[in-house]
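Residue numbers begin at 1 in each chain, while the letters A, B, ... track the order of the sequences.
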Amino acid sequence: MSQPIIIHWFRHDQRVSDNPALTAAADLGRVLPIYIHDTIHPGMHAMGAASRVWLHHSLADLSMSLGGDLAYFMGDPLPILLDLCQQHQVKTITWNRCYAPWQVTRDKQIKTALSAQGITVMSFNGSLLWEPWEVHKDNGDPYRVFTPFYRKGCLQVAAPREPLLAPTDCETVSTDRGLPLAALNLLPSLPWGEEIARHWDFGEQAAQRRLEAFIVEGLSSYKEGRNYPAKPYVSRLSPYLHMGQISPNQVWYMLRDEGVDSNVDHFCSELGWREFSYSLLYHNPDLPTQNLQAKFDAFPWQDNPERLIAWQQGKTGIPMVDAGMRELWKTGYMHNRVRMIVGSFLVKNLGVDWREGERWFWDCLVDADIANNSASWQWIAGCGADAAPYFRIFNPVTQGEKFDVDGAYVRQYIPELAHMPDKYLFQPWAAPRLVLQEAGVTLGTNYPQPIVDLKASREAALAAFASLKES
DNA sequence: TAGCTCGTTGGACAA
DNA sequence: TTTGTCCAACGAGCT
């Protein structure tokens, strides 16, 4: 008698190696690999446009590594799963857990409904180093400060699971009930999607190559170098981690094999921040929409669509901010320090609600991740856990002078400022007329005047934050 | 249990 | 030019 068919439902685990649920499926029988584009449950956090581009290419790659047997579906997962189980006499489904609140609710319902039909679901941890419910204070409460969360809650409790090799004896089968990949309609009609795709290599092998390249060119300078957006000292692994082309466990152990020094420790603590975000989300399902600190509900945000649009389009007239926003639009990615600079600018200098920034990032980032994105926006706005103090307002001029010393980053994304001398590159409005003329810059014509005065808006923000304290 | 120290990412200003 | 101090307040963890 032939082996039973086990469905493995790929979600944020789009890889063959270190995939606990896929390995379990392969151990039990022949594997029917599927992907379901859920169009019913995500609500306002339906995947953004850049993530969909990433997903499309990632699925195409995954399908190849499964011998073309990956089957695509679209719609409501439960009836799709029930139909497949009936069609192929399937009694077991495996998946790796997802942690967005809507996914947690959905998966629970699906598990219950399938179990009522005599179908067993086996779920695994394939995307976090520590399960969010396993990390807590001695009294059982969740941590709200990163350092004790990571040092005591994570590091002192258990080492992360060691990564698994790809299953050697994984026999896959196909179904004729799936859709072609193109039918999922993930790619935008705009050429923008192709532009984004040009900046990345997709798939599991590409993720491994990215990690290896980072180890060679970035790791030994990571701790300091990670602050310089024009330098190759950051890993750029975030989109691969998000969609699961690589697991944090694989990254963790690959880096530690290099020998633990302060650079490796620092990078691992960044993985720790990812875990912290997931812990916050797990314990606060409203994190993407509600201020973690309720006193911020009274904050006097400005409703100013023109300013928001200028920020989104990289036309604020503040070079460091515009460079970041244009990097995002062009590549689907933004260097982490620049994310903090543009975030601080939107929230504190423009006075716009952090949720507007969260939404824009959600749509434009190839690594858009519900936990990281909402936790980080709350952090920069000051309303989150372990948040930046209200008086910590990034000055985009100073930040540029410190971290884009030779101006390479700004000049890359704002070619109209390419000939500005370093002295005025980060504040062209302060340049003498002759300097602007020689650089070919006419403010208000080929580069905007600043939409806000940095000093005055900083003081207004401090006053607004102080008003919270009194109320 | 009380008291103490510390906390991812900064800026402005005075000396 | 560089360095020290202040800008809050509070949770976590240590002694």
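- Not counting sequence neighbours, the partners of A:His45 by the ring-ring contact (aromatic ring centres under 6.0 Å, His included) test are A:Trp362.
- Put simply, A:Asn395 has a side-chain N or O that comes within less than 4.0 Å of OP1 or OP2 on B:dA12.
- Side-chain atoms of A:Tyr35 and A:Leu62, non-hydrogen and from C-beta on, never get closer than 4.5 Å to each other.
- The separation between A:Arg392 atom CZ and C:dA9 atom C1' is 13 Å, rounded to whole Å.
- For the segment residues 272-287 of chain A, residues with any heavy atom less than 4.0 angstrom from an atom of DNA chain B are, sorted by number, A:Trp273.
- Here the side chains of A:Ser17 and A:Glu204 are in contact, with some heavy-atom distance below 4.5 Å.
- Not counting sequence neighbours, the partners of A:Trp192 by the ring-ring contact (aromatic ring centres under 6.0 Å, His included) test are A:Trp329.
- For the pair A:Arg11 and A:Trp95, the cation-pi test (distance below 6.0 Å, angle within 45°) is passed.
- Taking atom P on both B:dC6 and C:dT5, the two are 15 Å apart, rounded to the nearest angstrom.
- Checked against the 6.0 Å centroid threshold, A:Phe465 and A:Phe391 do not count as a close aromatic pair.
- Distances shorter than 4.0 Å separate some side-chain N or O of A:Gln399 from OP1 or OP2 on B:dG11.
- Counting any heavy atom pair closer than 4.0 Å across all strands shown, A:Phe394 reaches sugar-phosphate atoms only and no base atom.
- B:dA12 and C:dA8: their P atoms are spaced 16 Å apart (whole Å).
- With a 6.0 Å cutoff to the six-membered ring centre and a 45° limit on the axis angle, A:Arg256 counts as a cation-pi contact of A:Trp252.
- Checked against the 6.0 Å centroid criterion, the rings of A:Tyr240 and A:Trp54 qualify as a close aromatic pair.
- Ion pairing between a basic and an acidic side chain is recognised when a charged N comes within 4.0 Å of a carboxylate O; A:Lys330 and A:Asp322 show no such pairing.
- Between A:Tyr99 and A:Trp133, the ring-plane angle classifies as tilted under the 30° and 60° cut-offs.
- We find that CD1 of A:Ile380 is positioned 11 Å from P of B:dG11, with the value rounded to whole Å.
- Rounding to whole angstrom units, NZ of residue A:Lys402 and C1' of B:dA12 are separated by 11 Å.
- For the pair A:Arg307 and A:Trp311, the cation does not sit on the ring face, since its NZ or CZ is not both under 6.0 Å from the ring centre and inside 45° of the axis.
- Rounded to whole Å, the distance from CD on A:Glu270 to C1' on B:dT9 is 9 Å.
- Rounded to whole angstrom, the span from the CG atom of A:Asn139 across to the C1' atom of B:dT1 amounts to 16 Å.
- Within the 4.0 angstrom heavy-atom criterion, no nucleotide atom of any strand lies near A:Leu462.
- Rounded to an integer number of Å, the gap from A:Phe146 CZ to C:dC10 C1' is 19 Å.
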Show each protein N/O and nucleotides 11-14 of chain C N/O combination with a separation under 3.5 Å, one pair to a line.
unit_1: C:dA12; atom_1: OP1; unit_2: A:Lys137; atom_2: NZ; d: 2.4
unit_1: C:dA12; atom_1: OP2; unit_2: A:Lys137; atom_2: NZ; d: 2.7
unit_1: C:dG13; atom_1: OP1; unit_2: A:Tyr143; atom_2: OH; d: 3.2

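- Atoms CD (A:Gln378) and P (B:dT9) sit 18 Å apart, rounded to a whole Å.
- For A:Arg144 and A:Phe276, the positive end is not near the middle of the six-membered ring at less than 6.0 Å and at most 45° from its axis.
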Give me the distances for all protein-to-nucleotides 13-15 of chain B N/O pairs that come in under 3.5 Å?
none

Secondary-structure notation, DNA chain B, from Watson-Crick and G-U pairs under 3.5 angstrom (| other strand): .||||||..||||||
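- Note that A:Arg326 lies outside the cation-pi zone of A:Tyr413, set by a 6.0 Å cut-off to the ring centre and a 45° limit from the axis.
- If you take CG of A:Leu454 and P of B:dG11, they are 11 Å apart, rounded to a whole angstrom.
- Side-chain contact annotation: A:Ser221 with A:Lys231, donor-acceptor N/O pair under 3.5 Å absent.
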